[in-house]
Amino acid sequence: TNKLRELGFQVEMDDFGSGYSSLHMLKEVPVDRIKLDLHFLTSSGDQKKSRTIVSYMIQMVEHLEMKMIAEGVETVGQAKFLHDQGCSEMQGYYFYKPMPVEEYEKLTEEV
């Protein structure tokens with residue numbers, strides 16, 4: 001990973017909070033950015049516990065001096081909650097659905 005960083009790359013851990021992206025991997029694998037899987041906020045179950053887990057994950061990543069991007073943001077409520085918890089980078093259908101390059105370029109020309 002250090003050679004990649006020397007070349008200007010950043011190392012991300014995708015889907016943090018699910019699958020192989022566990023706390024153990026966070027401790028063992030040197031990464032620059034965490035991509036937080038918002039499955040916690042979109043699945044059924046105790047929403048209070050889900051929000052508590054996400055809130056502490058955001059704080060933990062900050063204390064580890066890493067960056068975080070929340071993926072899978074689908075509603076204004078999720079975006080507001082994440083922002084209020086200190087997560088400033090987000091992606092998901094709430095902002096835009098995936099699109100062809102040409103459509104993206106046209107969109108950015110309008111801004």
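In this chain, numbering begins with 1 at the start of the sequence shown.
Separation of atoms NZ (Lys35) and CE (Met13) is listed at 13.0 Å; rounding is to 0.5 Å. A distance of 4.0 Å separates CZ of Arg5 from CG of Asp32, quoted to the nearest 0.5 Å.
The shortest heavy-atom contact between Gln78 and Glu74 is OE1-N, 2.7 Å.
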In a table with atom names and distances, give each donor-acceptor pair under 3.5 Å that connects a side chain of residues 81-96 to protein atoms at least two apart or in another chain.
unit_1: Asp84; atom_1: OD2; unit_2: Lys80; atom_2: NZ; d: 2.9
unit_1: Gln85; atom_1: OE1; unit_2: Ser55; atom_2: OG; d: 2.7
unit_1: Glu89; atom_1: OE1; unit_2: Arg33; atom_2: NH1; d: 2.4
unit_1: Glu89; atom_1: OE2; unit_2: Arg33; atom_2: NH1; d: 3.2

Would you list the atom pairs, donor with acceptor, under 3.5 Å between side chains in residues 57-72 and any protein atom, with sequence neighbours excluded?
unit_1: Glu71; atom_1: OE2; unit_2: Asp15; atom_2: N; d: 3.3

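Sorted by first then second residue, the salt bridge (Lys or Arg N to Asp or Glu O under 4.0 Å) pairs that include residues 93-104, not counting sequence neighbours, number zero.
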